[in-house]
Asker: 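One structure, as structure tokens, below. Some questions next.
This chain uses plain numbering: 1 for the first residue, then up along the sequence. Side chains included, hydrogens not; waters and symmetry mates left out as well; all remaining heavy atoms used.
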Amino acid sequence: MPHPSAPQDRADAAVAQVLIARTREQLCEACATASALPSPAAVSARVDGTDLFVITPDAADLSSVGPSQTSVFGIDGRIVSAPWDRRTTPSSASSEHAGIHRAGAGRSAASCAGRIVHAPTPAAALRAIAEPAGSPPADRAHPGSRTSLPPGKVGETHHTTDPHHTRSTQ
């Protein structure tokens, strides 16, 4: 006799598969508009409602990456699903991405040339990784602010002569 929760387990598994497929598509849509990077990069996105994330392979031109080339990992770093195309190798930065997702630092992450960034969306992560290390993002500068936050600092108070002035890189 089947376990009473077996139908629910099958339904949960089906929902997870749909969420994974959507995440693969969304990740590849963001990659399709990305500029080529000087070094191979990878981008990942958390699968909603799960302890999983989808990650691209390492590639200098992520715009050509399709869903069949992505891998699914658990936030514990274990591979759940290898690329379907059977030719692509999962990203060498998957353990670093797992750490970002495990810490809950962002819904998405991107890595390139030893750097890793986190952001709320894959497109934002790709834009951040394309910027030179240590430079503040030009599109996020606060009007009138002359100093930038140190790299890796997000949402800290930025001290100026005005005690009510704060700055966030988000």
Side-chain angles (χ1 to χ4, degrees), residues 5-6 8-135 137 139-140 151-155 169-170:
S5 68
Q8 184 60 43
D9 291 344
R10 283 192 300 270
D12 290 345
V15 168
Q17 290 302 316
V18 169
L19 292 172
I20 290 168
R22 284 184 186 164
T23 304
R24 281 182 153 140
E25 289 292 331
Q26 291 166 348
L27 189 60
C28 292
E29 286 172 11
C31 290
T33 61
S35 300
L37 297 164
S39 304
V43 64
S44 65
R46 186 80 181 258
V47 178
D48 289 334
T50 71
D51 286 341
L52 304 173
F53 66 94
V54 176
I55 187 167
T56 66
D58 297 322
D61 183 10
L62 289 169
S63 66
S64 63
V65 173
S68 68
Q69 296 168 301
T70 62
S71 303
V72 180
F73 280 81
I75 61 171
D76 59 0
R78 67 182 166 73
I79 191 162
V80 175
S81 174
W84 304 330
D85 72 355
R86 301 181 199 259
R87 294 185 315 260
T88 305
T89 304
S91 173
S92 60
S94 58
S95 61
E96 289 86 355
H97 284 251
I100 291 283
H101 293 296
R102 189 171 41 254
R107 302 285 310 144
S108 300
S111 57
C112 181
R115 292 178 52 222
I116 188 161
V117 298
H118 58 85
T121 66
L126 285 166
R127 281 192 307 273
I129 202 70
E131 295 167 355
S135 68
D139 62 340
R140 295 188 204 143
K153 301 295 182 178
V154 177
T169 58
Q170 295 278 322

Asker: When rounded to the nearest 0.5 angstrom, what distance separates OG1 in T56 from CD in Q69?
Answerer: 9.5 Å

Asker: To the nearest 0.5 Å, what is the distance between OG1 on T121 and CG on L27?
Answerer: 10.5 Å

Asker: Measuring from atom CZ of R107 to atom OG1 of T23, what distance do you get when rounded to the nearest 0.5 angstrom?
Answerer: 8.0 Å

Asker: Can you tell which of P90, P57, P67 makes a side-chain contact (heavy atoms from CB on, under 4.5 Å) with P83?
Answerer: P90

Asker: To the nearest 0.5 Å, tell me how far L37 CG sits from L62 CG.
Answerer: 6.0 Å

Asker: Dump the intermediate steps for side chain to side chain contact (heavy atoms under 4.5 Å, CB included) on R46 and L52, then the final yes or no.
Answerer: CA-CA 6 Å; R46 186 80 181 258; L52 304 173; over 6 Å; no

Asker: Apply salt bridge (charged side-chain N to carboxylate O under 4.0 Å, His left out) to R87 and list each qualifying residue two or more places apart in sequence or on a separate chain.
Answerer: none

Asker: For Q26, what residues pass the side-chain contact (heavy atoms from CB on, under 4.5 Å) criterion, not counting sequence neighbours?
Answerer: none

Asker: For the residue pair S44 and H101, confirm or rule out a side-chain donor-acceptor distance under 3.5 Å.
Answerer: yes

Asker: Of the non-hydrogen atoms in C31 and V43, which two are nearest, and what is the gap between them?
Answerer: SG-CG1, 3.4 Å

Asker: Is there a donor-acceptor pair under 3.5 Å between the side chain of D58 and the backbone N or O of S92?
Answerer: yes

Asker: State which residues pass salt bridge (charged side-chain N to carboxylate O under 4.0 Å, His left out) with D85; sequence neighbours excluded, sorted by chain then number.
Answerer: none

Asker: Keeping the roles fixed (side chain from S39, backbone from C112), state whether a donor-acceptor pair exists under 3.5 Å.
Answerer: no

Asker: What distance separates R24 CZ from T70 OG1, expressed to the nearest 0.5 Å?
Answerer: 3.5 Å

Asker: Can you tell me how far apart CZ (R127) and OG (S35) are? Round to the nearest 0.5 Å.
Answerer: 10.5 Å

Asker: Of the non-hydrogen atoms in L126 and A34, which two are nearest, and what is the gap between them?
Answerer: CD1-CB, 3.8 Å

Asker: When you look at H97 and F73, which way does the side chain to side chain contact (heavy atoms under 4.5 Å, CB included) test go after all the steps?
Answerer: CA-CA 9 Å; H97 284 251; F73 280 81; over 6 Å; no

